[in-house]
Amino acid sequence: QVRLVESGGGLVQAGGSLRLSCAVSGRTFSSYAMGWFRQAPGKERNFVAAIRGSGEGTYYRDSVKGRFTISRDNAKNTEYLQMNSLKPEDTAVYYCAAESSVIVSRDPLRYDYWGQGTQVTVSS
């Protein structure tokens with residue numbers, strides 16, 4: 001059983017920063033591609049960023065490029081999302097997800113395991 005637990009969400013003013021963490025237990029962490037998704041009220045869950053199991057190869061949605069950075073520490077079984085220059089439109093519940101594949105996907109249906117989500121609220 002693979003378990004994902006997010007932390008680090010909260011309330012921040014526009015222009016501020018937050019760092020999300022996702023601790024993963026279970027099978028070999030480095031065998032999973034990892035992703036971050038977000039879901040605003042009444043909207044579908046959208047891809048934010050993803051990273052290969054090795055950590056080499058990162059992918060972002062256009063609206064967060066240059067502001068967000070995804071990373072992972074395979075020794076600590078943890079994935080991170082550093083979010084800078086936050087905007088009110090970044091407000092959502094953020095989910096980390098694990099995909100049993102070396103191929104990174106932007107499609108949430110391709111991911112096998114999910115965390116419970118952490119709320120990020122950016123005030124204007």
Side-chain angles (χ1 to χ4, degrees):
Q1 180 94 19
V2 177
R3 184 174 180 227
L4 286 67
V5 180
E6 300 101 334
S7 60
L11 173 64
V12 64
Q13 289 187 333
S17 298
L18 284 173
R19 189 194 197 200
L20 305 183
S21 299
C22 176
V24 181
S25 62
R27 294 173 59 187
T28 305
F29 178 62
S30 61
S31 68
Y32 291 97
M34 297 295 298
W36 287 97
F37 292 79
R38 66 188 183 187
Q39 188 168 19
K43 297 189 176 181
E44 63 183 12
R45 191 169 297 188
N46 290 323
F47 170 80
V48 175
I51 187 168
R52 292 181 180 269
S54 65
E56 297 178 0
T58 57
Y59 308 86
Y60 299 91
R61 69 180 295 113
D62 287 346
S63 62
V64 307
K65 286 181 180 177
R67 300 189 297 123
F68 290 12
T69 302
I70 188 172
S71 62
R72 64 191 295 160
D73 186 336
N74 286 348
K76 295 183 178 180
N77 282 20
T78 304
E79 175 196 30
Y80 304 97
L81 185 68
Q82 178 67 44
M83 305 186 294
N84 299 328
S85 302
L86 282 161
K87 303 176 181 180
E89 51 264 43
D90 295 318
T91 295
V93 177
Y94 282 70
Y95 298 89
C96 67
E99 179 182 12
S100 304
S101 175
V102 297
I103 300 175
V104 174
S105 175
R106 297 171 182 249
D107 182 355
L109 296 178
R110 296 288 303 272
Y111 284 78
D112 303 295
Y113 304 100
W114 291 84
Q116 81 287 353
T118 185
Q119 177 70 47
V120 171
T121 303
V122 184
S123 63
S124 57

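Just so you know, these numbers use all the heavy atoms, side chains as well, and skip hydrogens, waters and symmetry mates.
- Among Leu81, Val122, Leu86, the single residue meeting the side-chain contact (heavy atoms from CB on, under 4.5 Å) criterion with Leu18 is Leu86.
- Using a 30° and 60° split on the angle between ring planes, Phe37 and Tyr111 fall in the perpendicular class, above 60°.
- Taking hydrophobic clusters as Ile, Leu, Val, Met, Phe, Trp and Tyr residues chained together by side-chain heavy-atom distances below 4.5 Å, Tyr80 does not share a cluster with Phe47.
- For the pair Ser21 and Thr78, the tightest heavy-atom approach, listed with the atom from each and the gap, is CB-CG2, 4.3 Å.
- Under the 4.5 Å side-chain contact rule for hydrophobic residues, Val2 and Trp114 do not share a cluster.
- In terms of modelled atom types and a separation under 3.5 Å, the side chain of Glu79 and the main chain of Cys22 share no donor-acceptor contact.
- Cluster annotation: Val5 and Val120 are assigned to distinct hydrophobic clusters (Ile/Leu/Val/Met/Phe/Trp/Tyr, side-chain heavy-atom contacts under 4.5 Å, transitive).
- The distance from atom SG of Cys96 to atom CD of Glu6, rounded to the nearest 0.5 Å, is 4.0 Å.
- How far OG of Ser63 is from NZ of Lys87: 7.5 Å, rounded to the nearest 0.5 Å.
- Residues Val24 and Leu4 come closest through the heavy atom pair CG2-CG, 4.0 Å.
- Contact record, Ile70 with Tyr60: N-OH, 2.9 Å, taken as the closest heavy-atom pair.
- With Arg72 contributing its side chain and Arg52 its backbone, the two residues share a donor-acceptor pair below 3.5 Å.
- Of all non-hydrogen atoms in Ala92 and Ala40, the two that sit nearest each other are CB-N, 3.9 Å.
- Within a 6.0 Å sphere centred on CZ of Arg110, heavy atoms belonging to other residues, nucleotides or ligands number 12 at most.
- Checked by atom type and distance alone, the side chain of Arg3 never pairs as donor or acceptor with a backbone atom of Ser25 at under 3.5 Å.
- A side-chain donor-acceptor contact under 3.5 Å links Asn74 to the backbone of Gly53.
- Note that CE of Met83 and OG1 of Thr69 are 11.0 Å apart. Values are rounded to the nearest 0.5 Å.
- Residue pairs satisfying the side chain to side chain donor-acceptor pair (under 3.5 Å) criterion with at least one member in residues 93-102, sequence neighbours excluded, are listed as follows: Arg38-Tyr94, Ser100-Asp112.
- Of the inter-residue distances, the one linking Ser17 atom OG with Arg19 atom CZ reads 12.0 Å to the nearest 0.5 angstrom.
- Gln13 places no side-chain N or O within donor-acceptor distance of the main-chain N or O of Ser123, the cut-off being under 3.5 Å.
- Closest of all the heavy-atom pairs between Ala50 and Ser105 is CB-O, 4.4 Å.
- Ser71 contributes atom OG, which lies 11.5 Å from atom CE of Met34 (distance to the nearest 0.5 angstrom).
- Minimum heavy-atom separation, Val104 to Ala33: CG2-CB, 4.0 Å.
- With Phe68 as reference, Asp90 is the one residue of Asp90, Asn84, Thr58 to meet the side-chain contact (heavy atoms from CB on, under 4.5 Å) rule.
- Tyr59 does not carry Arg106 over the face of its six-membered ring by the limits of under 6.0 Å from the centre and within 45° of the normal.
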